[in-house]
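Working notes, beginning with the structure itself.
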Amino acid sequence: NAGVTQTPKFRILKIGQSMTLQCAQDMNHNYMYWYRQDPGMGLKLIYYSVGAGITDKGEVPNGYNVSRSTTEDFPLRLELAAPSQTSVYFCASSYDASTYEQYFGPGTRLTVT
Amino acid sequence: KNQVEQSPQSLIILEGKNCTLQCNYTVSPFSNLRWYKQDTGRGPVSLTIMTFSENTKSNGRYTATLDADTKQSSLHITASQLSDSASYICVVRYSIKNSGGSNYKLTFGKGTLLTVNP
């Protein structure tokens, strides 16, 4: 049981490039989330999904897109990368929303220059 | 505005000593509060959850308290170890009402960075 996995661990992008951050979980969780964590700041929710085919915006969705074609995978797409998107990105999953314990992946550190 | 404030921002203690981390929140209506531990370069891991009716809950050397009246929580670490060096994040869940009924949101604190020195 690997839990929540994320790839890549590190990435450097040039301004205007695009990329997809991969996230997968093997716990059969319905809920999945993408967060960004900037230095000295709390985690901010980018997008979340309550099940395959259902996604919704969080606090800071601009510049990102997501899809959820399967229960296991929840990729995050960055289009036209900007320096403001330099951050550490965490994917998380939870079984339901009532207890709301989220299991986090190891993170992807992204630098846009 | 729904906010979670943690103090201190950072803390350095010697191995074997105790410490207490604070979390004050203004979110309403309160649903629950969770403490996470985040090791450097890793994702957060849940330590404990506090609901409205709970005052104290322990998880090994970690003891969390909640005062729902004053909207304060604390995390006490006893007999600290080097492995306790991490950021500790307070997360408060609150409900919001929309056209479909009730929904829930989370607000994350910025965390307290704890360093335990030998």
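Quick caveat: nothing in here was measured; it's all calculated off a predicted structure.
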- prompt: Of all heavy-atom pairs between A/Ser94 and A/Tyr33, which one has the smallest distance, and what is that distance?
  reply: OG-OH, 2.7 Å
Beyond-backbone contact of A/Val4 with A/Met27, side-chain heavy atoms, under 4.5 angstrom: yes
- prompt: For A/Tyr95, does the OH atom have more than 12 heavy-atom neighbours from other residues, nucleotides or ligands under 6.0 Å away?
  reply: no
- prompt: Does atom CD1 of A/Ile12 have more than 12 heavy-atom neighbours, drawn from other residues, nucleotides or ligands, at distances under 6.0 Å?
  reply: no
- request: Give the ring-plane orientation class for A/Phe104 versus A/Phe90, where under 30° counts as parallel, over 60° as perpendicular and anything between as tilted.
  value: perpendicular
- request: Classify the angle between the aromatic ring planes of A/Trp34 and A/Tyr89 as parallel (below 30°), tilted (30 to 60°) or perpendicular (above 60°).
  value: perpendicular
- prompt: Are there residues of residues 53-69 of chain A that reach to under 4.5 Å of chain B by heavy atoms, and which ones?
  reply: none
- line: Cut-off 4.5 Å, heavy atoms of chain B, and the answer for A/Gln37 is side chain
For [Y], does its backbone N or O pair with a side-chain atom of [X] as donor and acceptor, under 3.5 Å?
{"X": "A/Thr20", "Y": "A/Arg77", "value": "no"}
{"X": "A/Gln25", "Y": "A/Asn28", "value": "yes"}
{"X": "A/Asp38", "Y": "A/Met41", "value": "no"}
{"X": "A/Glu72", "Y": "A/Ala24", "value": "no"}

message: Ignoring hydrogens and geometry beyond distance, is a side-chain donor-acceptor pair present between B/Thr63 and B/Ser58 at under 3.5 Å?
response: yes
message: At a 4.5 Å cut-off on heavy atoms, which part of B/Gln38 comes close to chain A: side chain, backbone, both, or neither?
response: side chain
- prompt: Looking at the rings of B/Tyr25 and B/Phe30, which for Trp means the six-membered one, are their centres under 6.0 Å apart?
  reply: yes
- request: Please list, in residue-number order, every residue in residues 109-116 of chain B that has a heavy atom less than 4.5 Å from any heavy atom of chain A; write 'none' if there are none.
  value: B/Gly109, B/Lys110
- prompt: For chain A, which residues of residues 72-82 of chain B have at least one non-hydrogen atom nearer than 4.5 Å to it?
  reply: none
message: Starting from A/Tyr35, can I reach B/Val45 by hopping between I/L/V/M/F/W/Y residues whose side chains sit under 4.5 Å apart?
response: no
statement: For residues 11-59 of chain A, the disulfide (SG to SG under 2.5 Å) pairs (sequence neighbours left out) are A/Cys23-A/Cys91
